[in-house]
Protein chains: 4
Amino acid sequence: MDRKLRMGMIGGGKDAFIGAIHRIAANMDGLIELKAGALSINPEIAQDSGRSLFLESDRIYTDFKTMLENEANMPADKRLDFITIVTPNFAHFEPAMMALDKGFHVVVEKPITFTLDEAKQLKAKVEQTGLTLLLTHTYTGYPMVKQARQMVANGVLGKIRKVWVEYPQGWLSKLSEREGNAQAAWRTDPKRSGKSGCMGDIGTHAANLAEYITGQQIDKLCADLNVMVEGRMLDDDGSVLLRFDGGAAGVLMASQVAAGEENALKIRVYGEKGGLEWAQQEPNTLLVKWLDKPTEILRAGGGNPHLSSYATHNCRTPGGHPEGYLEAFGNLYRNFALTLQSKIDGTTPAPEALDFPSVSEGIRGMAFIDMVVKSSASTEKWTKFEI
Amino acid sequence: MDRKLRMGMIGGGKDAFIGAIHRIAANMDGLIELKAGALSINPEIAQDSGRSLFLESDRIYTDFKTMLENEANMPADKRLDFITIVTPNFAHFEPAMMALDKGFHVVVEKPITFTLDEAKQLKAKVEQTGLTLLLTHTYTGYPMVKQARQMVANGVLGKIRKVWVEYPQGWLSKLSEREGNAQAAWRTDPKRSGKSGCMGDIGTHAANLAEYITGQQIDKLCADLNVMVEGRMLDDDGSVLLRFDGGAAGVLMASQVAAGEENALKIRVYGEKGGLEWAQQEPNTLLVKWLDKPTEILRAGGGNPHLSSYATHNCRTPGGHPEGYLEAFGNLYRNFALTLQSKIDGTTPAPEALDFPSVSEGIRGMAFIDMVVKSSASTEKWTKFEI
Amino acid sequence: MDRKLRMGMIGGGKDAFIGAIHRIAANMDGLIELKAGALSINPEIAQDSGRSLFLESDRIYTDFKTMLENEANMPADKRLDFITIVTPNFAHFEPAMMALDKGFHVVVEKPITFTLDEAKQLKAKVEQTGLTLLLTHTYTGYPMVKQARQMVANGVLGKIRKVWVEYPQGWLSKLSEREGNAQAAWRTDPKRSGKSGCMGDIGTHAANLAEYITGQQIDKLCADLNVMVEGRMLDDDGSVLLRFDGGAAGVLMASQVAAGEENALKIRVYGEKGGLEWAQQEPNTLLVKWLDKPTEILRAGGGNPHLSSYATHNCRTPGGHPEGYLEAFGNLYRNFALTLQSKIDGTTPAPEALDFPSVSEGIRGMAFIDMVVKSSASTEKWTKFEI
Amino acid sequence: MDRKLRMGMIGGGKDAFIGAIHRIAANMDGLIELKAGALSINPEIAQDSGRSLFLESDRIYTDFKTMLENEANMPADKRLDFITIVTPNFAHFEPAMMALDKGFHVVVEKPITFTLDEAKQLKAKVEQTGLTLLLTHTYTGYPMVKQARQMVANGVLGKIRKVWVEYPQGWLSKLSEREGNAQAAWRTDPKRSGKSGCMGDIGTHAANLAEYITGQQIDKLCADLNVMVEGRMLDDDGSVLLRFDGGAAGVLMASQVAAGEENALKIRVYGEKGGLEWAQQEPNTLLVKWLDKPTEILRAGGGNPHLSSYATHNCRTPGGHPEGYLEAFGNLYRNFALTLQSKIDGTTPAPEALDFPSVSEGIRGMAFIDMVVKSSASTEKWTKFEI
């Protein structure tokens, strides 16, 4: 391929957290350039944001429909390759469907849609169009998460028995949504966020991570969701007992009222012969615990001969040069870009490049939200995980 | 007091794990001397063990009844002050009752008895005799656990919302009870261990720790116990959702099949203003997380002005000289001994000395076992914690 | 500014380690675009590398002189703003001088030149031209390093007494330069690397970090350099006692034969009232130790109110989203870019943007190399640090 | 042996730090009982201390000479086996010589004497009498330190190239000796402490640890001692470059003005094939770093099959039950006691029991003090280590 891929962005104007992250992730490896944006529904913010990102003035839009219409008619040497959607949850579905209809590949921030039904429609659309969709479940972009998945898949731990996954944050310990915190405001509002707060926002990441690493799927669950801060409209905390289809038992804990915690996603997996431990805040280390020998410290790093090709493919530097959240996010974009390049060039992508989350993960995430909300309201212990 | 306290021991012969621990704990501070023992029902082991501990030959016994009869008739300057019982679970109740009847104070290894009913009888006996009983829930002997309890009690964290307590071990990842491991054999045998394996052995420690630190009691729970190793007779793993009487929600995780883990008891508690984290394998550190300022690393150490008197009272050295499991165990014995000294001298013990686990904690432990077994068998989500 | 800055690159063809790092760092924030390159003196590699980076074919060069000549004549809307030089050490000086002469700003990988004398000439040239030079001492780009410097400057630790800085690597534990390792080959070759190996490569980073954080300069030193691997031509290990002009005493340890270490740069600084500890492999944490209160864990994160503006300016994400080596490198480029934007726009850069290493740091680095080599050969204990 | 060993103690009255530590260490394993003491030269403190330790009134003394005279004449069934000396440094030599002359084995706190010459005389006396002397260099009593020594000795790391040992404390960051701190007062007083402060007190521990683990001896050194706190009479900080007789190069750093540090002794050793890292404040872990495979976490624990017999012999509990400083100290006493038992019983002690520090280590410690003081005053770089 002899050019960068061209990206358009919907949402992500100035001061939006996740839009900036997507742009850094897309920029990092020099494979993608941002060429158009409907960055805000506020025209002033849209213009300011577009200019500060050096967009050409006629490719700065204030509504996504106009953008998709216009851009669909661009000549081949200017036409966007894909659209990134970073609006609040309720506004993912419509632009994603329209972008696919117009022939653009799509990147969408998680959760994929507002409802499970939308997610199913989106999946059908992706399958029908043959286009590629990236769902940015960031945490599976970390090299040591990929290493963990490969080690489980290769059977070195034996059959997996236990999964403990936890995601404590503390930033919603107060009623910040009433104190001018815009992030808090939409994420705790059922009209914009969906039927779950904490479980939708971070519980889905934890569930995705557990299924990704173990290769097993949640089969039934028992949830206890809580509203810990008086006056809040959605759960800000919850715990879930899990049973997986491969026989493992597990616990998923997520909280946004774990005062003093930042973003402490962590997973532990135990099999018959050993266990794994990975923590997002020190992501370059994977502890490998063995029943019959000392614990090993596996470390991320390009060229590390002790790592799976899935791990080293997702490293940019040798060991000891810490890569972090932005690189993990960048890995999603890089793998998506490599896949698009292959499609455009008519070649076959490497399996490592194809390893990124998409609509299936999105559907399981939406179903997870439905199931934990249903279970939490039930007096029955177990709720079957059904899609 | 002008002499050491005199201890007799039931159980704890050569090669028994916990008996040796009790002796080190009792020896450490020079307040107690072992003077008699029915250390094994095997006469040869009883004799060998007694001699190796330098007991006088006429105070080495092979059955506890003879010992208690004989020792009860010793003159005042030789008479035992208390009896330590370190037999397997099923053999705690009878010697404890008899020792109390003979006027001896009692130390008993946890779980306090084989059944909840026995525990209640024992409590009645303690109250009737006015004697003192120490239940060796070791982990509440650590200075930073005491610090945690005091910080919660003093309200510096605000109202407690969340409790996560976990106790992973890996030593039962194989069917070791069939491979000549004596510890594994009795602990996985319902006739000797009781109706629960993992939850009885280590889940009770975790529950005790959570109640001790939070000052809240479990009000209802939802348990999922598992037998992970085929052929095992008792649970070797389990997870429990918790609701406390003070409003906190929690999760208790215990496993003996977490391959590669040693004895990784850990607790996290979160309140409105901050959180605490303590891990048994690095016990001299208490992380104090704050909503509005940087996390602090509180460190154990005699004379540390930032610690509660309950913490410093239980340190023997200044900061940086790590104290561990044996000192935590020793703290139980030291506080018990200080309490007995006060009783003998007719003085009032310091509140710090009185802070050790006893029959009430024993009864809650037995009830916890009953409740998690009951809940695990139920299709109802919540089981009320009843004694 | 209404466009990205335009970068040309000398060196950094395919498979070169540091060139790729510079490109990621420059790409990350969307402020810079690579437009021309003399990426290798091997024409085939130069072409391949240029094409894979999507350079226009007439801006792919095989020698830097042609590139600088040609590019100097480009029209304003295509003209490069700056040149990045990532050749081996011996080939920094000539292109840097020429680039400045042609009116380009310059980024140069450290060490700045091959000899101290060259560094002085380069400094004179920078001052004469009024252009801006960035020397990529990466480690001062980390937010928590900036935080450390500000805390020392603000006096919260009192007068600084001690500095311990260490930089262990293990990658030269064998004679890898004879086994086909290209990185090892040039770095251990005095003709390409200079008069020192380990001290030139990583000792200079450690010295720079110590001077940056303390705000003190090395006044005299006592060095012990070693060749640990038989057959090697340059030092692969060394230790240096330090005295600083502000009264601090220190130790600098650097080794490339610390088998099993990755890139474990770490610094500790102690003043009258407290100390700081920062480690490159976990760069988002700064331990702040106090004489009179518990140690605090300061954590990187945009918007963290406990951090200096110099730290938060260099964060892209909130706490708990680990940023790493590439972001630290990116901070150098971002601050350099913000400074160039201000120059171009005729505005005044923020002091936080101006905080990047340049020729003065380069000269001190070259002098450090001279001094440690001189001291190591001397029987005198102390060697005065002279430029 | 059918009785406990009988100990007498010189020094160590109420409120003395190290005397209490020695008693806990001696008590712990039930092999030793304290039977006599000249615990203070203040008669009131001596009496109070003796009574609180339950000594018989006629074995509480106020001067050591009377004690040694009296106790030497006790009948065999009461006679002391050994004398522990825990007075300040200047008062070690005389009681040690007299105790040996009277036929008692000796335990002496480090540094062994006040001068190197005294240490040599003491060595001659030990050799002449055939009695046993334990020098309490605590840190070599840790199981993972023994493991480290055995791994080096077994060659698994290859030839040792580098040793970095550090011992930061912060407790003398102020002029505490003028503020009523008794510990600080004698330790900073050349009349009671000797010719070095920091290096005598903790530098000797670091040097001993380095020689013990590597099996190499310091051959020459280059020291820089400092008085950081104005008004102090002895060094409170220092750094030393080291060369060992086996070819290793090293650095020793010790400071008592590292504000905010507790007792952070740490050692790293690197050989051709790998490295070791051990830190006293988390003593149950030994990091084993490898050139060609992932770092391993070796953990202390009785019965751990991955450990040397020298390590497991010095563990009392299985892995995960942290043992600390008091157990390390207890290991010195336990091995000393096992050696005395063998002497008394006429058997041969196990090599693991004989592995405790004695007069040779004491002499090297005194010589280390002499050499660093001499080197620090010299303008020559290297000072030969001579005894």
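Here is how names work: the chains are called A, B, and so on, in the same order as the sequence lines, proteins then strands, and each is numbered from 1.
Across Ala20(B), Pro318(B), Ala328(B), Ala264(B), the residue that shares the most heavy-atom pairs under 4.5 angstrom with chain D is Pro318(B). Counting heavy-atom pairs under 4.5 Å between each of Arg316(D), Glu261(D), Glu33(D) and chain B puts Arg316(D) at the top. Of the listed residues Gly302(D), Gly301(D), Gly319(D), the one with more heavy-atom pairs under 4.5 angstrom with chain B than any other is Gly319(D). The residue among Met1(D), Arg3(D), Glu323(D), Gln169(D) with the most heavy atom pairs within less than 4.5 Å of chain B is Arg3(D).
At a threshold of 4.5 Å between non-hydrogen side-chain atoms, the residues Ile24(D) and Met28(B) count as touching. Inter-residue side-chain proximity for Pro322(D) and Pro322(B) is flagged as unmet; no heavy-atom pair is nearer than 4.5 Å.
For Gln281(B), the parts lying under 4.5 angstrom from a heavy atom of chain D are both the backbone and the side chain. Of the atoms belonging to Arg51(B), not a single heavy atom falls under 4.5 Å from chain D. Of the two parts of Leu265(D), neither the backbone nor the side chain holds a non-hydrogen atom closer than 4.5 Å to a non-hydrogen atom of chain B. Neither the backbone nor the side chain of Phe329(D) comes within contact range of chain B; no heavy atoms are under 4.5 Å apart.
Remark: Lys4(B) NZ to Leu53(D) CG distance equals 9.0 Å, nearest 0.5 Å. Taken to the nearest 0.5 Å, the CG atom of Asp2(B) stands 12.0 Å off from the OG atom of Ser52(D).
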Criterion side-chain contact (heavy atoms from CB on, under 4.5 Å) on Asp29(B) and Asn27(D), from CA distance to verdict: CA-CA 7 Å; Asp29(B) 294 299; Asn27(D) 283 334; over 6 Å; no
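For His321(D) against Gln280(B), the heavy-atom pair with the smallest separation is CA-OE1, 4.4 Å.
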